[in-house]
There are 2 protein chains.
Amino acid sequence: MGRKREFDEEAVLAGAMMAFRRHGYAGLSILELEAATQISAGSLYNAYGDKEGLYRAVFDFYFRKVIDPRIGSAQTLDDLEKVAIDLFNPPFSDGLGCLVTNAAVEFRNSAGTGGYFAGRGLDTIEAAALRAVRADMGDGNEPAALRIVLLYQGMLVLTRAGRLSNAYKDAVRAEFDRLRRQAKSTFPAIREQNAKGD
Amino acid sequence: MGRKREFDEEAVLAGAMMAFRRHGYAGLSILELEAATQISAGSLYNAYGDKEGLYRAVFDFYFRKVIDPRIGSAQTLDDLEKVAIDLFNPPFSDGLGCLVTNAAVEFRNSAGTGGYFAGRGLDTIEAAALRAVRADMGDGNEPAALRIVLLYQGMLVLTRAGRLSNAYKDAVRAEFDRLRRQAKSTFPAIREQNAKGD
DNA sequence: TAAGTTTTAGTATGGACATTCTAGAATGGA
DNA sequence: TCCATTCTAGAATGTCCATACTAAAACTTA
């Protein structure tokens, strides 16, 4: 069956993920990818076909390791608040932002890999926000969910600009507090009802 | 004093601005800039030194024509709401987003031109939000101002991803309505006091 | 109108980059 | 132990790009 791969694919993808997160797609050269992954260009091309193939693999990895477990599985406002506030804590406070947001800005809604994964990531985030708001606040509060999406994307822009100061943490927490308060006062039975459903 | 410039500088900067807004800095070639500005590379280099010099000039133009008059001069929540809602209307609904936000994502807080203007633009936006919130709501509501910054930056990410649907318009309007309502109920005298000051 | 200067368009140029190619090394099966 | 296959590293290739250069055109001043 031929020679075995010498590299640890998870380590390569993790290294490439960091590099893509830092430099974007076009801004990252194969030379830099060799350094970030610790494998040669020959091996990268053999394993992933081309730079875009590696980008695809990195996005799959990012969804599998980050987006899906953290956001795709979020069910409540508390879950989403944790996602947001974690931007102030390691490892998410590294100022590199989110591959999805960065790709959305770099590729817009274009046809290729970047546009596709950006759209899929934003879908996941929007769906999670709607799910959490409906669960905790009931129907009719979709605007609150969309504001959470906007707040979160805004945080990712500011963290990348190195401007997500602690003042923003209070601002975001206050918004989640307000939503939970509103949930309790308007639909007092919803949380308990959900709890029963477990 | 030598031959006169044949091009209209405002037209060149406007064309280059659109192109930089669409493609970012690294993603835009001199060849594309020739097409966008309708002048030759020779003239571009003669007038602006290099690509980065043109980028600087475009950013100056963008601040002078867009950021300063629209955001730098905003004094009230109404003013800011107009800025935000205009993202749903031409010419701001073109899906290209804001040069400042795009540069913040492309350059992070790096040392060069992009990082500098991104920071300056975000300063302007944050200052405007704080100014408007203090004017309409009084002191102590800075978190509300920071949330406006986040919402706006989030809108710019989503518009660039082609995902700023009309549902987001309602969500943003509702937030400004809420802030104005809160302003009225908590500090009923503030608006009238400001009105007197005119 | 001659001289000097700036602008313009177009043509080099040199470098960076993604990708391909090559040769050798490792692996498993016959 | 040979053979076919896959992997690896590094060198070679061709393209694209930012920028420099060149010569002609247009303008100002004397």
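Letters go in sequence order (proteins before strands), and every chain restarts at 1.
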Revision key, fill the gap. A correct 5'-to-3' footprint of nucleotides 12-19 of chain D, with B, S and - meaning base, sugar-phosphate only and no protein heavy atom under 4.0 Å, is -----SSB

Exercise for review: At under 4.0 Å between heavy atoms, which parts of nucleotides 24-30 of chain C does protein reach? Answer with one letter per nucleotide, 5' to 3': B base, S sugar-phosphate only, - none.
Suggested key: BBBBS--

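Using the six-membered ring where Trp is involved, F7(B) and Y48(B) have ring planes that are tilted, between 30° and 60° apart. Relative ring orientation between Y55(A) and F107(A) is described as tilted, the plane-to-plane angle lying within the 30° to 60° band.
Under the 4.0 Å criterion applied to side-chain N and carboxylate O atoms, R22(A) and D94(A) are not assigned as salt-bridge partners. Salt bridge K82(A)/D86(A): present, at least one basic N to carboxylate O contact under 4.0 Å. With respect to the salt-bridge test (charged N to carboxylate O, under 4.0 angstrom), the residues D123(A) and R163(B) qualify. R160(B) has no carboxylate O lying under 4.0 Å from a charged side-chain N of E106(A), or vice versa, which leaves the two without a salt bridge.
Relative to the axis of its first five pairs, the axis of the last five pairs of the helix from dT1(C)-dA30(D) to dA30(C)-dT1(D) sits at 0°, rounded to 10 degrees.
Atom CG in N46(A) sits roughly 14 Å away from atom C1' in dT22(C) (whole-Å rounding). The separation between D8(A) atom CG and dC7(D) atom P is 15 Å, rounded to whole Å. In this structure, E34(B) atom CD and dG10(C) atom P are separated by 8 Å, rounded to whole Å. When rounded to the nearest whole Å, the span between CG of L44(B) and P of dG10(C) equals 13 Å.
Within the 3.5 Å criterion, the main-chain N or O of L28(B) finds a donor-acceptor partner in the side chain of K51(B). In this structure, T159(A) contributes its side chain and L156(A) its backbone to no donor-acceptor pair below 3.5 Å.
Both cation-pi conditions hold for R120(B) and F63(B): the charged atom is under 6.0 angstrom from the six-membered ring centre and inside a 45 degree cone around its axis. Under a cutoff of 6.0 Å and an axis angle of 45°, R173(B) and Y168(B) do not form a cation-pi pair.
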